[in-house]
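Whatever order the structure lists ligands and atoms in, that order sets their numbers, starting from 1.
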Amino acid sequence: MTADLIVFNIGELATLNGGVRAGERMKDAALIKEAYFAVKDGKFIEVGEGDYPTSLVDDATQLVDAKKALVTPGLVDAHTDLIHGGSRENELKQKLEGVPYLDILKAGGGILSTVKATRQATHNELYDKAKNSLDIMLNLGVTTIECKSGYGLNLETEIKQLEVAKELSENHPVDLVSTFMGAHAIPVEHKENPQKYIEEVFSMLESKKVRELSEFADIFCEDAVFDVKQSKEILSRAKELGFGVKIHADEIVSLGGAELAGELGCVSADHLMAASEAGIEMLAKNKVVANILPGTTFNLNKDYANARLMIDKGCIVSLSSDYNPGSCPTENLQLIMTLGSTKLRMTPDEVIAAVTINAAKAINRENTIGSIEVGKNADFVIYKAENLSYIMYHFGINHVKDVFKNGRIVVENQRIVEA
Ligand code: IZC
């Protein structure tokens, strides 16, 4: 068989070959020095060391010289609130004065101010704003993202968000995987009777449209938002209805969210800044991905999640941006990789595993994306750097040169290639 595309003269290839990585196994990103790979019909058909065999080449084969650069799988961002109206820079002053994130929410700001802006925005306004952010992500090497609703808090607006995600996934090179997050906050109209809103969440989960448009369901299990008992009830029902389940666990207050994630067999437990050791053990035992979001910790000026303990205990650790207008207004997964390295003390091999194969596992995509191995989708990034350590060390800038999605170039020299 001959190839449609061969990338050769790769200085360092992070293949992430060999499956999802838990604990110790995260230390090995299966790097190959001096590598090549071949692609046919959008999938990898051969990955090897040294020169590519000429038997792979015919007149139509495109040859790409990587010029000794670093190449990795397309990056996967497994936790974003991509689609929302407005922004919240007006909260910055309060934040600097020391007003806690949850107090801003309790006073009707925070998430609730984004809910107001998202309800007011049209489908096209949400689409254009989200597309702009998605272009930024793609340019930074991200080829698949998870994307949550949760700024509607009523059926109509939750569906509006999910429909924007579907349309973007169809039209944009980046693939979007949708999560329904009606359980993000109690909306103002139900402030006096939160139980009424919980009943509405159950009814939204049962909506045919919501089920068609979203693969996962998530909940903000947090002090003064949804408690562990409510989270258990809502996620258990979501599971029965066929959703994969996720949980914002122990982000600010240690409530036992990680323990619940283990008990319910969540696909991922996200944040975990305040997770207990017992909770971490539950995640490892039940193979729940520990999805750490250090950009949020940085922005809220809190203590970082204990990634080293999670790795020591055998967790599958992933890292994601948590791009959202409140606690983490950045699309930059490369910056998150640096935080993973400097603040979470993760090695370059661990960090790249956390934003590729392990992040793919956090959205049930580990069999199709997240590594450069035969049979997988040919999503990959060619950098302007020569090795993995460099992109974490030299921080705050974009190291990407070219991005390919399903074997097709979508970013060339940091410019998006229009289809
Ligand atoms: O808009 O503040 N934590 N949800 C849970 C968020 C942060 C997003 C926001």
### Task
Tell me, please: is H184 in heavy-atom contact with ligand 1, that is, under 4.0 Å?
yes
#### Entry: atom 6 (C) of ligand 1 [closest protein heavy-atom partner, distance rounded to 0.1 Å]
Y101 OH, 3.1 Å
#### Entry: Numbering as shown, the atoms of ligand 1 that approach D81 to under 4.0 Å (heavy-atom distance)
8 (C)
### Electrostatic pair K376-E366, nearest N-O below 4.0 angstrom
no
### Query
Does the pair R21/E350 count as a salt bridge with the N-to-O cut at 4.0 Å?
no
### Task
Could you see which bit of H84 sits under 4.0 Å from ligand 1, with heavy atoms only: side chain, backbone, both or neither?
neither
### Message
Counting the benzene-type ring for Trp, do F243 and F216 have ring centres under 6.0 Å apart?
### Response
no
### Task
Answer whether the closest heavy-atom distance between the side chains of D250 and M273 falls below 4.5 Å.
no
### Message
Would K401 and Y383 count as a cation-pi pair here, with the cationic atom under 6.0 angstrom from the ring centre and within 45° of the axis?
### Response
no
### Task
With heavy atoms under 4.0 Å as the rule, classify the contact between D322 and ligand 1 as side chain, backbone, both or neither.
neither
### Query
What do you reckon, does I111 put a non-hydrogen atom under 4.0 Å from ligand 1?
yes
### Query
Looking at Y151, which atoms of ligand 1 are within less than 4.0 Å of one of its heavy atoms?
1 (O), 8 (C), 9 (C)
### Query
Taking the non-hydrogen atoms of E251, is any one of them nearer than 4.0 angstrom to ligand 1?
yes
### Query
When you check the gap from the basic side-chain N to the acidic O, do D81 and K148 get nearer than 4.0 Å?
no
### Task
Just jot down the ligand 1 atoms closer than 4.0 angstrom to any heavy atom of R88, in number order.
1 (O), 2 (O), 9 (C)
### Query
Does E170 come within less than 4.0 Å of K166, counting only side-chain N to carboxylate O?
yes
